[in-house]
*Asks:* 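Right, I'll just put the structure down here and ask away after.
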Number of protein chains: 2
Amino acid sequence: MIPRRAEIARMHAELCSGISDPNRIAILYALSERPSNVTYLTTRLRLPQSTVSRHLRILRNSGLVRFERRGREVIYELSDERIIQALELLRDVLNERISTHSRLLEQISSPAKEAS
Amino acid sequence: MIPRRAEIARMHAELCSGISDPNRIAILYALSERPSNVTYLTTRLRLPQSTVSRHLRILRNSGLVRFERRGREVIYELSDERIIQALELLRDVLNERISTHSRLLEQISSPAKEAS
DNA sequence: ACAACGTATCCGGAAATGCGGATACGTACA
DNA sequence: TGTACGTATCCGCATTTCCGGATACGTTGT
(Lines give C-alpha, C1' and ligand atoms only; values in the text may rest on other atoms or scores of the structure.)
Protein backbone atom coordinates (compact mmCIF):
# COMPACT_ATOMS: atom_id res chain seq x y z
CA MET A 1 0.00 0.00 0.00
CA ILE A 2 2.97 2.29 0.44
CA PRO A 3 3.77 3.61 -3.06
CA ARG A 4 7.13 2.72 -4.55
CA ARG A 5 9.82 5.18 -5.48
CA ALA A 6 8.75 5.83 -9.05
CA GLU A 7 5.16 6.22 -7.96
CA ILE A 8 6.14 8.86 -5.44
CA ALA A 9 8.08 10.70 -8.12
CA ARG A 10 4.97 10.69 -10.25
CA MET A 11 2.84 11.98 -7.42
CA HIS A 12 5.45 14.59 -6.63
CA ALA A 13 5.31 15.79 -10.21
CA GLU A 14 1.55 15.75 -10.16
CA LEU A 15 1.56 17.90 -7.06
CA CYS A 16 3.96 20.27 -8.76
CA SER A 17 1.94 20.39 -11.95
CA GLY A 18 -0.96 21.58 -9.85
CA ILE A 19 0.90 24.85 -9.41
CA SER A 20 2.09 25.15 -13.00
CA ASP A 21 -0.78 27.16 -14.41
CA PRO A 22 -1.32 30.91 -13.96
CA ASN A 23 -5.01 30.55 -13.18
CA ARG A 24 -4.38 27.88 -10.60
CA ILE A 25 -1.68 29.95 -8.96
CA ALA A 26 -4.14 32.81 -8.76
CA ILE A 27 -6.72 30.50 -7.20
CA LEU A 28 -4.24 29.23 -4.65
CA TYR A 29 -3.22 32.72 -3.62
CA ALA A 30 -6.87 33.73 -3.35
CA LEU A 31 -7.57 30.72 -1.16
CA SER A 32 -4.58 31.54 1.00
CA GLU A 33 -6.35 34.76 1.95
CA ARG A 34 -9.54 32.99 2.88
CA PRO A 35 -11.53 29.87 2.10
CA SER A 36 -13.99 30.62 -0.67
CA ASN A 37 -16.75 29.15 -2.74
CA VAL A 38 -16.66 28.80 -6.49
CA THR A 39 -18.78 31.83 -7.25
CA TYR A 40 -16.54 34.11 -5.24
CA LEU A 41 -13.47 32.87 -7.07
CA THR A 42 -15.29 33.25 -10.36
CA THR A 43 -16.04 36.92 -9.80
CA ARG A 44 -12.78 37.72 -8.10
CA LEU A 45 -10.64 36.19 -10.82
CA ARG A 46 -13.02 37.09 -13.63
CA LEU A 47 -12.99 33.65 -15.10
CA PRO A 48 -15.89 31.58 -16.47
CA GLN A 49 -17.39 29.34 -13.82
CA SER A 50 -16.57 26.20 -15.73
CA THR A 51 -12.96 27.23 -15.91
CA VAL A 52 -12.73 27.81 -12.19
CA SER A 53 -14.47 24.55 -11.47
CA ARG A 54 -12.17 22.63 -13.74
CA HIS A 55 -9.08 24.08 -12.12
CA LEU A 56 -10.47 23.34 -8.69
CA ARG A 57 -10.95 19.74 -9.69
CA ILE A 58 -7.33 19.56 -10.75
CA LEU A 59 -6.24 21.11 -7.48
CA ARG A 60 -8.43 18.64 -5.62
CA ASN A 61 -7.04 15.66 -7.49
CA SER A 62 -3.48 16.67 -6.80
CA GLY A 63 -4.36 17.25 -3.15
CA LEU A 64 -3.59 20.95 -3.04
CA VAL A 65 -7.01 21.99 -1.80
CA ARG A 66 -9.70 20.65 0.49
CA PHE A 67 -13.39 21.32 0.17
CA GLU A 68 -16.53 21.08 2.18
CA ARG A 69 -20.14 21.29 1.17
CA ARG A 70 -22.12 24.02 2.94
CA GLY A 71 -25.70 23.95 1.78
CA ARG A 72 -25.65 24.61 -1.91
CA GLU A 73 -22.19 26.07 -1.84
CA VAL A 74 -18.88 24.31 -1.76
CA ILE A 75 -16.15 25.96 0.24
CA TYR A 76 -12.60 25.39 -0.92
CA GLU A 77 -9.50 25.99 1.12
CA LEU A 78 -5.78 25.36 0.90
CA SER A 79 -4.92 21.92 2.18
CA ASP A 80 -1.55 23.00 3.53
CA GLU A 81 0.21 26.29 4.18
CA ARG A 82 3.45 24.92 2.81
CA ILE A 83 2.00 25.10 -0.66
CA ILE A 84 2.04 28.86 -0.46
CA GLN A 85 5.48 28.76 1.10
CA ALA A 86 6.74 26.83 -1.90
CA LEU A 87 5.12 29.29 -4.27
CA GLU A 88 6.68 32.15 -2.37
CA LEU A 89 10.14 30.62 -2.53
CA LEU A 90 9.90 30.38 -6.28
CA ARG A 91 8.45 33.84 -6.59
CA ASP A 92 11.34 35.22 -4.57
CA VAL A 93 13.78 33.60 -6.94
CA LEU A 94 11.91 35.16 -9.81
CA ASN A 95 11.70 38.61 -8.27
CA GLU A 96 15.37 38.71 -7.50
CA ARG A 97 16.18 37.77 -11.03
CA ILE A 98 13.87 40.47 -12.35
CA SER A 99 15.27 43.21 -10.16
CA THR A 100 18.86 42.25 -10.85
CA HIS A 101 18.02 42.23 -14.51
CA SER A 102 16.37 45.62 -14.55
CA ARG A 103 19.17 47.10 -12.46
CA LEU A 104 21.62 45.88 -15.07
CA LEU A 105 19.54 47.43 -17.83
CA GLU A 106 19.50 50.74 -15.98
CA GLN A 107 23.26 50.71 -15.67
CA ILE A 108 23.52 50.22 -19.39
CA SER A 109 21.15 53.01 -20.33
CA SER A 110 22.44 55.51 -17.75
CA PRO A 111 25.76 54.41 -16.30
CA ALA A 112 26.40 56.16 -13.00
CA LYS A 113 29.83 57.17 -11.79
CA GLU A 114 31.68 54.09 -10.80
CA ALA A 115 32.80 53.67 -7.24
CA SER A 116 36.56 53.39 -7.22
CA MET B 1 11.15 47.36 -18.25
CA ILE B 2 9.78 46.07 -14.99
CA PRO B 3 7.15 43.46 -15.93
CA ARG B 4 3.58 44.15 -14.92
CA ARG B 5 1.51 42.04 -12.59
CA ALA B 6 0.03 39.66 -15.13
CA GLU B 7 3.41 39.19 -16.71
CA ILE B 8 4.93 38.22 -13.39
CA ALA B 9 2.12 35.74 -12.84
CA ARG B 10 2.93 34.19 -16.17
CA MET B 11 6.62 33.99 -15.36
CA HIS B 12 5.80 32.56 -11.98
CA ALA B 13 3.76 29.83 -13.64
CA GLU B 14 6.49 29.20 -16.15
CA LEU B 15 8.97 28.77 -13.34
CA CYS B 16 6.59 26.38 -11.65
CA SER B 17 5.95 24.43 -14.80
CA GLY B 18 9.66 23.76 -14.95
CA ILE B 19 9.24 21.51 -11.92
CA SER B 20 6.06 19.84 -13.11
CA ASP B 21 7.54 16.87 -14.91
CA PRO B 22 8.93 13.72 -13.27
CA ASN B 23 12.05 13.64 -15.43
CA ARG B 24 12.82 17.26 -14.74
CA ILE B 25 12.36 16.77 -11.03
CA ALA B 26 14.81 13.88 -11.22
CA ILE B 27 17.26 16.09 -13.08
CA LEU B 28 16.96 18.87 -10.53
CA TYR B 29 17.57 16.51 -7.64
CA ALA B 30 20.57 15.03 -9.44
CA LEU B 31 21.96 18.52 -10.02
CA SER B 32 21.40 19.38 -6.39
CA GLU B 33 23.94 16.69 -5.52
CA ARG B 34 26.48 18.02 -7.92
CA PRO B 35 26.83 19.98 -11.16
CA SER B 36 26.89 17.55 -14.07
CA ASN B 37 27.22 17.31 -17.79
CA VAL B 38 24.57 15.92 -20.09
CA THR B 39 26.15 12.50 -20.54
CA TYR B 40 26.34 11.91 -16.81
CA LEU B 41 22.67 12.75 -16.40
CA THR B 42 21.83 10.55 -19.36
CA THR B 43 23.46 7.47 -17.84
CA ARG B 44 22.42 8.22 -14.29
CA LEU B 45 18.76 8.72 -15.15
CA ARG B 46 18.76 6.17 -17.97
CA LEU B 47 17.10 8.48 -20.41
CA PRO B 48 17.88 9.08 -24.09
CA GLN B 49 20.30 11.90 -24.59
CA SER B 50 17.84 13.93 -26.63
CA THR B 51 15.31 13.68 -23.85
CA VAL B 52 17.76 14.93 -21.24
CA SER B 53 18.87 17.73 -23.51
CA ARG B 54 15.32 18.80 -24.19
CA HIS B 55 14.47 18.92 -20.50
CA LEU B 56 17.61 20.85 -19.78
CA ARG B 57 16.61 23.41 -22.36
CA ILE B 58 13.26 23.81 -20.65
CA LEU B 59 14.97 24.18 -17.29
CA ARG B 60 17.30 26.76 -18.80
CA ASN B 61 14.48 28.73 -20.36
CA SER B 62 12.58 28.90 -17.11
CA GLY B 63 15.77 29.89 -15.32
CA LEU B 64 16.00 26.91 -13.01
CA VAL B 65 19.48 25.90 -14.07
CA ARG B 66 22.70 27.57 -15.13
CA PHE B 67 25.24 26.12 -17.48
CA GLU B 68 28.81 26.63 -18.51
CA ARG B 69 30.76 25.25 -21.43
CA ARG B 70 33.88 23.29 -20.43
CA GLY B 71 35.66 22.12 -23.52
CA ARG B 72 33.25 19.88 -25.34
CA GLU B 73 31.13 19.31 -22.32
CA VAL B 74 28.45 21.54 -20.88
CA ILE B 75 28.16 21.58 -17.11
CA TYR B 76 24.73 22.25 -15.70
CA GLU B 77 23.96 23.28 -12.16
CA LEU B 78 21.04 24.48 -10.10
CA SER B 79 20.61 28.21 -10.38
CA ASP B 80 19.27 28.56 -6.86
CA GLU B 81 19.07 26.36 -3.78
CA ARG B 82 15.55 27.54 -3.06
CA ILE B 83 14.32 25.51 -5.99
CA ILE B 84 15.14 22.35 -4.10
CA GLN B 85 13.69 23.82 -0.94
CA ALA B 86 10.41 24.37 -2.74
CA LEU B 87 10.47 20.82 -4.07
CA GLU B 88 11.16 19.53 -0.58
CA LEU B 89 8.28 21.47 0.90
CA LEU B 90 5.90 19.90 -1.56
CA ARG B 91 7.39 16.47 -1.12
CA ASP B 92 6.92 16.76 2.62
CA VAL B 93 3.27 17.58 2.12
CA LEU B 94 2.98 14.55 -0.11
CA ASN B 95 4.82 12.21 2.24
CA GLU B 96 2.71 13.20 5.19
CA ARG B 97 -0.43 12.57 3.23
CA ILE B 98 0.86 9.18 2.14
CA SER B 99 1.81 8.05 5.61
CA THR B 100 -1.41 9.30 7.13
CA HIS B 101 -3.27 7.54 4.40
CA SER B 102 -1.52 4.22 4.81
CA ARG B 103 -1.92 4.41 8.58
CA LEU B 104 -5.64 4.83 8.09
CA LEU B 105 -5.73 1.86 5.77
CA GLU B 106 -3.90 -0.22 8.36
CA GLN B 107 -6.42 0.70 10.98
CA ILE B 108 -9.21 -0.43 8.72
CA SER B 109 -7.67 -3.78 7.89
CA SER B 110 -6.54 -4.54 11.44
CA PRO B 111 -8.20 -2.24 13.94
CA ALA B 112 -6.24 -2.13 17.19
CA LYS B 113 -7.86 -1.68 20.58
CA GLU B 114 -8.96 1.85 20.95
CA ALA B 115 -7.37 4.02 23.54
CA SER B 116 -10.05 5.17 25.95
C1' DA C 1 41.44 18.40 -42.51
C1' DC C 2 39.43 14.52 -40.39
C1' DA C 3 37.73 11.45 -36.71
C1' DA C 4 35.73 11.08 -32.22
C1' DC C 5 33.13 12.83 -28.84
C1' DG C 6 29.55 15.68 -26.35
C1' DT C 7 25.58 18.32 -27.00
C1' DA C 8 21.61 20.55 -29.30
C1' DT C 9 18.02 20.55 -32.48
C1' DC C 10 14.81 18.50 -35.93
C1' DC C 11 10.87 15.83 -36.87
C1' DG C 12 6.46 13.37 -36.82
C1' DG C 13 3.29 11.46 -34.08
C1' DA C 14 0.86 10.41 -29.52
C1' DA C 15 -1.00 12.10 -25.39
C1' DA C 16 -2.20 15.67 -22.22
C1' DT C 17 -4.05 20.24 -21.27
C1' DG C 18 -6.67 24.48 -21.53
C1' DC C 19 -10.78 26.81 -22.96
C1' DG C 20 -15.73 28.13 -22.24
C1' DG C 21 -20.62 27.59 -23.68
C1' DA C 22 -24.10 24.28 -22.86
C1' DT C 23 -26.00 21.14 -19.90
C1' DA C 24 -26.75 18.11 -15.88
C1' DC C 25 -26.77 17.57 -10.95
C1' DG C 26 -27.78 18.69 -6.13
C1' DT C 27 -29.63 21.53 -2.58
C1' DA C 28 -32.77 24.92 -0.56
C1' DC C 29 -36.92 27.03 -0.03
C1' DA C 30 -41.69 28.24 -1.34
C1' DT D 1 -43.14 19.56 -6.71
C1' DG D 2 -41.27 23.34 -9.06
C1' DT D 3 -38.09 27.14 -9.35
C1' DA D 4 -33.79 29.36 -8.37
C1' DC D 5 -29.25 29.02 -7.28
C1' DG D 6 -24.47 27.03 -6.90
C1' DT D 7 -21.48 23.71 -8.71
C1' DA D 8 -19.74 19.95 -11.69
C1' DT D 9 -19.29 17.78 -15.93
C1' DC D 10 -19.72 17.31 -21.04
C1' DC D 11 -18.12 18.43 -25.49
C1' DG D 12 -15.55 19.94 -29.48
C1' DC D 13 -11.68 22.40 -30.54
C1' DA D 14 -7.05 24.53 -30.33
C1' DT D 15 -2.65 24.39 -28.24
C1' DT D 16 0.99 22.47 -25.81
C1' DT D 17 3.93 18.83 -24.22
C1' DC D 18 6.49 14.77 -24.37
C1' DC D 19 8.94 11.19 -26.69
C1' DG D 20 13.20 9.39 -28.92
C1' DG D 21 15.63 8.23 -33.26
C1' DA D 22 18.04 10.80 -36.64
C1' DT D 23 20.80 14.47 -37.69
C1' DA D 24 23.44 18.78 -37.27
C1' DC D 25 26.71 21.53 -34.67
C1' DG D 26 30.85 22.62 -31.95
C1' DT D 27 35.14 21.28 -29.79
C1' DT D 28 39.29 18.61 -29.22
C1' DG D 29 43.22 16.06 -30.65
C1' DT D 30 45.78 13.94 -34.37
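Reckoned from all heavy atoms, side chains included, excluding hydrogens, waters and symmetry mates. Because the structure is predicted, anything quoted here is derived from the model rather than measured. By convention in this document, chain letters (A, B, ...) are assigned in the order of the sequence lines, proteins followed by strands, and residues within each chain are numbered from 1.
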*Asks:* Dump the intermediate steps for side-chain hydrogen bond (donor to acceptor under 3.5 Å, both in side chains) on A:Arg91 and B:His12, then the final yes or no.
*Replies:* CA-CA 6 Å; A:Arg91 191 160 68 174; B:His12 195 180; 4.8 Å; no
*Asks:* Would you mind telling me which of A:Arg66, A:Glu68, A:Arg60 makes a side chain to side chain donor-acceptor pair (under 3.5 Å) with A:Tyr76?
*Replies:*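 The side chain to side chain donor-acceptor pair (under 3.5 Å) with A:Tyr76 is passed solely by A:Arg60 among A:Arg66, A:Glu68, A:Arg60.
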*Asks:* Once you round it to whole Å, what is the distance between P of D:dT28 and CZ of B:Arg72?
*Replies:*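 The answer, rounded to whole Å, is 8 Å.
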*Asks:* Whole Å only: how far is the CG atom of B:Asn61 from the P atom of D:dC18?
*Replies:*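 Distance, rounded to whole Å: 12 Å.
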*Asks:* If you look at every strand shown and take non-hydrogen atoms under 4.0 Å, does A:Arg24 touch a base, only sugar-phosphate, or nothing?
*Replies:*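 The answer is sugar-phosphate, as A:Arg24 gets under 4.0 Å only of primed atoms, P, OP1 or OP2.
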*Asks:* What's B:Leu56 touching, base or sugar-phosphate or nothing? Going by heavy atoms closer than 4.0 Å.
*Replies:*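 Result for B:Leu56 = nothing.
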*Asks:* Please state whether the base of D:dG21 and the side chain of B:Ser50 form at least one donor-acceptor pair under 3.5 Å?
*Replies:*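 Looking at the base of D:dG21, it does pair with a donor or acceptor on the side chain of B:Ser50 (distance under 3.5 Å).
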*Asks:* Under a criterion of less than 4.0 angstrom to any heavy atom of chain B, what are the 5'-terminal and 3'-terminal contacting nucleotides of DNA chain C?
*Replies:*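 Using the under 4.0 Å cut-off, the span is C:dA4 to C:dT9.
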*Asks:* Report the distance from atom CD of B:Glu73 to atom P of D:dG29, rounded to the nearest whole Å.
*Replies:*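 About 11 Å, once rounded to whole Å.
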*Asks:* Can we say B:Glu96 and A:Arg82 salt-bridge, meaning some charged N sits less than 4.0 Å from an Asp/Glu carboxylate O?
*Replies:*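 Yes, charged N to carboxylate O under 4.0 Å.
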*Asks:* Distance-only, no hydrogens or angles: does the B:Ser20 side chain make a donor-acceptor pair with backbone N or O of A:Ala13 under 3.5 Å?
*Replies:*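 Such a contact is absent between B:Ser20 side chain and A:Ala13 backbone.
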*Asks:* Find which nucleotide of DNA chain C each of A:Arg70 and A:Arg54 is nearest to by heavy atoms, and output the residue with the more 5' nucleotide.
*Replies:*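 Its nearest nucleotide being more 5', the pick is A:Arg54.
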*Asks:* Is B:His55 near enough to D:dT17 that one of its side-chain N or O atoms lies under 4.0 angstrom from OP1 or OP2?
*Replies:*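 For D:dT17, OP1/OP2 do not have a side-chain N/O of B:His55 under 4.0 Å.
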*Asks:* Which part of the nucleic acid, if any, lies within reach of A:Ser53 when heavy atoms closer than 4.0 Å are counted: base, sugar-phosphate only, or nothing?
*Replies:*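 Base: the residue A:Ser53, judged by heavy atoms under 4.0 Å, touches a nucleobase.
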*Asks:* Side chains of B:Tyr29 and B:Glu88: donor-acceptor distance under 3.5 Å anywhere?
*Replies:*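 Yes, side-chain donor-acceptor contact under 3.5 Å.
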*Asks:* Find which nucleotide of DNA chain D each of A:Thr51 and A:Arg69 is nearest to by heavy atoms, and output the residue with the more 5' nucleotide.
*Replies:*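 Checking each residue's closest nucleotide, the 5'-ward one belongs to A:Arg69.
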*Asks:* Using a cut-off of 4.0 Å on non-hydrogen atoms, how would the nucleic acid contact of B:Tyr76 be classed: base, sugar-phosphate, or nothing?
*Replies:*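 Sugar-phosphate: the residue B:Tyr76, judged by heavy atoms under 4.0 Å, touches backbone atoms but no base.
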*Asks:* With sugar-phosphate meaning primed atoms plus P, OP1 and OP2, does A:Tyr40 contact a base, only sugar-phosphate, or nothing at under 4.0 Å between heavy atoms?
*Replies:*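 If one applies the 4.0 Å heavy-atom cut-off, A:Tyr40 turns out to touch nothing in the nucleic acid.
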*Asks:* Who pairs with A:Pro35 by side chain to side chain contact (heavy atoms under 4.5 Å, CB included), at least two apart in sequence or on another chain?
*Replies:*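 A:Ile75, A:Glu77.
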*Asks:* May I have the distance from B:Gln49 (atom CD) to D:dC25 (atom C1'), rounded to whole angstrom?
*Replies:*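 Answer to the nearest Å: 12 Å.
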*Asks:* Please give, in whole Å, the distance from D:dT17 C1' to B:Ile58 CD1?
*Replies:*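 Those two atoms, CD1 and C1', are 8 Å apart.
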*Asks:* Using whole Å, report how far CD of A:Glu68 lies from P of D:dG6.
*Replies:*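 These atoms are roughly 18 Å apart.
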*Asks:* Heavy atoms only, 4.0 Å cut-off, all strands: where does A:Arg57 land among base, sugar-phosphate and nothing?
*Replies:*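 If one applies the 4.0 Å heavy-atom cut-off, A:Arg57 turns out to touch the sugar-phosphate alone, with no base involved.
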*Asks:* Is it true that A:Arg70 and A:Glu73 make a salt bridge, defined as a side-chain N closer than 4.0 Å to a carboxylate O?
*Replies:*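 Not counted as a salt bridge, because no side-chain N and carboxylate O are separated by less than 4.0 Å.
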